[in-house]
A.B. asks: 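If you scroll down you'll find the structure; I have some questions about it.
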Amino acid sequence: MKQLIAAHASVFMKTILVFFSPIKPIILLVGLSTILDTIAGIWKAKKLKEKVSSRKARKGLIPKLVSYIVAVLLVYTTDFFIINELVSNFISIDYLSTKLVSLALISIEIKSIDESFKAVKGCSFLQKITDIILKARDIRKNLK
């Protein structure tokens, strides 16, 4: 009996993994951005001489990570069964709402990382990147 339950559980888990496999890179990006935000927050706290505990970091990271990933999985599920059919009539991008929600979550994390960077270094790394891109564009225009 235990073997039968284990076999069915294994098949069920494999089915779930196959169902969500198209968005595995998106889930990894959302998870990575959340982890990087936590690292940036710890870095900021250490530089500003604030108290950092592993318990506080875990209580912030784990629920946030789980909620972000569950949100992406739920949006993908509704996207797969409902939204994608409706949107694909107008736009030829598969799982658009999943990608938009993931992009929103990642942008929230990037903004948070930028705030931590600005608190420590006094300048925004997003602004520096924007300045570099604008200068490169101006140089390219001048070369033409």
A.B. asks: Determine whether Leu28 and Tyr68 fall in the same hydrophobic cluster, where Ile, Leu, Val, Met, Phe, Trp and Tyr are linked whenever their side-chain heavy atoms lie under 4.5 Å apart.
C.D. replies: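 No, because Leu28 and Tyr68 fall into different hydrophobic clusters, even though each may have its own neighbours under 4.5 Å.
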
A.B. asks: Evaluate the ring planes of Phe80 and Phe19, with Trp represented by its six-membered ring, and classify them as parallel (under 30°), tilted (30 to 60°) or perpendicular (over 60°).
C.D. replies: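 If you compare the ring of Phe80 with that of Phe19, the planes turn out perpendicular.
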
A.B. asks: State the OG1-CD1 distance between Thr34 and Ile69, to the nearest 0.5 angstrom.
C.D. replies: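 Here the interatomic distance stands at 7.0 Å.
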
A.B. asks: Tell me, please, which residues at least two apart from Lys64 pass salt bridge (charged side-chain N to carboxylate O under 4.0 Å, His left out).
C.D. replies: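 With neighbours one apart ignored, the set is Asp37, Glu109.
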
A.B. asks: From Leu96 CG over to Phe90 CZ, what is the distance, rounded to the nearest 0.5 angstrom?
C.D. replies: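 Atom-to-atom, Leu96:CG and Phe90:CZ are 12.5 Å apart.
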
A.B. asks: What's the separation between atom CZ in Arg140 and atom CZ in Arg137, rounded to the nearest 0.5 Å?
C.D. replies: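 Taking CZ in Arg140 and CZ in Arg137, the distance rounds to 11.0 Å.
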
A.B. asks: Looking at side-chain heavy atoms only, is the closest gap between Lys118 and Cys123 below 4.5 Å?
C.D. replies: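 Not touching, per the 4.5 Å side-chain cut-off.
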
A.B. asks: Side-chain contact test, heavy atoms from C-beta onward, threshold under 4.5 Å: evaluate it for Leu103 versus Lys99 and give yes or no.
C.D. replies: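 Result no, sub-4.5 Å side-chain heavy-atom pair not found.
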
A.B. asks: Mind telling me whether Phe20 and Tyr76 have parallel, tilted or perpendicular rings, with 30° and 60° as the class edges?
C.D. replies: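 Judged by the thresholds at 30° and 60°, the geometry between Tyr76 and Phe20 is tilted.
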
A.B. asks: Which atoms form the tightest heavy-atom contact between Ser102 and Ile26, and what is the distance?
C.D. replies: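 That closest heavy-atom pairing would be OG-CG2, 2.9 Å.
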
A.B. asks: Of all the heavy-atom pairs spanning Ser116 and Ala40, show the shortest one and how long it is.
C.D. replies: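 So the two residues come closest at CB-O, 3.7 Å.
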
A.B. asks: Examine Phe12 and Ile5 and state if one hydrophobic cluster contains both, with Ile, Leu, Val, Met, Phe, Trp and Tyr joined whenever side-chain heavy atoms are less than 4.5 Å apart.
C.D. replies: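 Phe12 and Ile5: separate clusters.
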
A.B. asks: To the nearest 0.5 Å, tell me how far Ser10 OG sits from Gln3 CD.
C.D. replies: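 The distance works out to 12.5 Å.
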
A.B. asks: Is the shortest heavy-atom distance from the side chain of Val11 to the side chain of Lys14 under 4.5 Å?
C.D. replies: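 In short, these two side chains do not touch, never coming nearer than 4.5 Å.
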
A.B. asks: So do the side chains of Asp94 and Val87 get within less than 4.5 Å of each other, counting heavy atoms only?
C.D. replies: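 Counting from C-beta outward, Asp94 and Val87 never come under 4.5 Å.
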
A.B. asks: Grouping I, L, V, M, F, W and Y whenever their side-chain heavy atoms are under 4.5 Å apart, do Leu4 and Met13 come out in a common cluster?
C.D. replies: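 They do not share one cluster, since no chain of ILVMFWY contacts under 4.5 Å joins Leu4 to Met13.
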
A.B. asks: Applying side chain to side chain donor-acceptor pair (under 3.5 Å), which residue pairs with at least one partner in residues 79-89 are found, sequence neighbours left out?
C.D. replies: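 Counting only pairs at least two positions apart or across chains, the side chain to side chain donor-acceptor pair (under 3.5 Å) contacts touching residues 79-89 are Asp79-Ser97, Asp79-Thr98.
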
A.B. asks: Any link between Ile42 and Phe125 through a network of hydrophobic side chains (Ile, Leu, Val, Met, Phe, Trp, Tyr) touching at under 4.5 Å?
C.D. replies: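 In one cluster: no.
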
A.B. asks: Roughly how far apart are Leu32 CG and Leu36 CG, rounded to 0.5 Å?
C.D. replies: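 One finds 4.5 Å between CG of Leu32 and CG of Leu36.
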
A.B. asks: Taking the side chain as everything from C-beta on, heavy atoms only, tell me whether Ile129 gets closer than 4.5 Å to Ile132.
C.D. replies: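 Ile129 does not reach Ile132 side chain to side chain.
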
A.B. asks: With a 3.5 Å distance limit and no angle check, can you tell me whether Ser67 reaches the backbone of Pro63 through a side-chain donor-acceptor pair?
C.D. replies: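 Pair found, side chain donor or acceptor close to backbone of Pro63.
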
A.B. asks: Hey, any chance Phe81 and Val72 share a hydrophobic cluster, counting ILVMFWY side chains that come within less than 4.5 Å of each other, even indirectly?
C.D. replies: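 Linked within one cluster.
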
A.B. asks: Which atoms form the tightest heavy-atom contact between Ser33 and Ile113, and what is the distance?
C.D. replies: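 Where Ser33 meets Ile113 most closely, the heavy atoms are O-CD1, 4.2 Å.
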
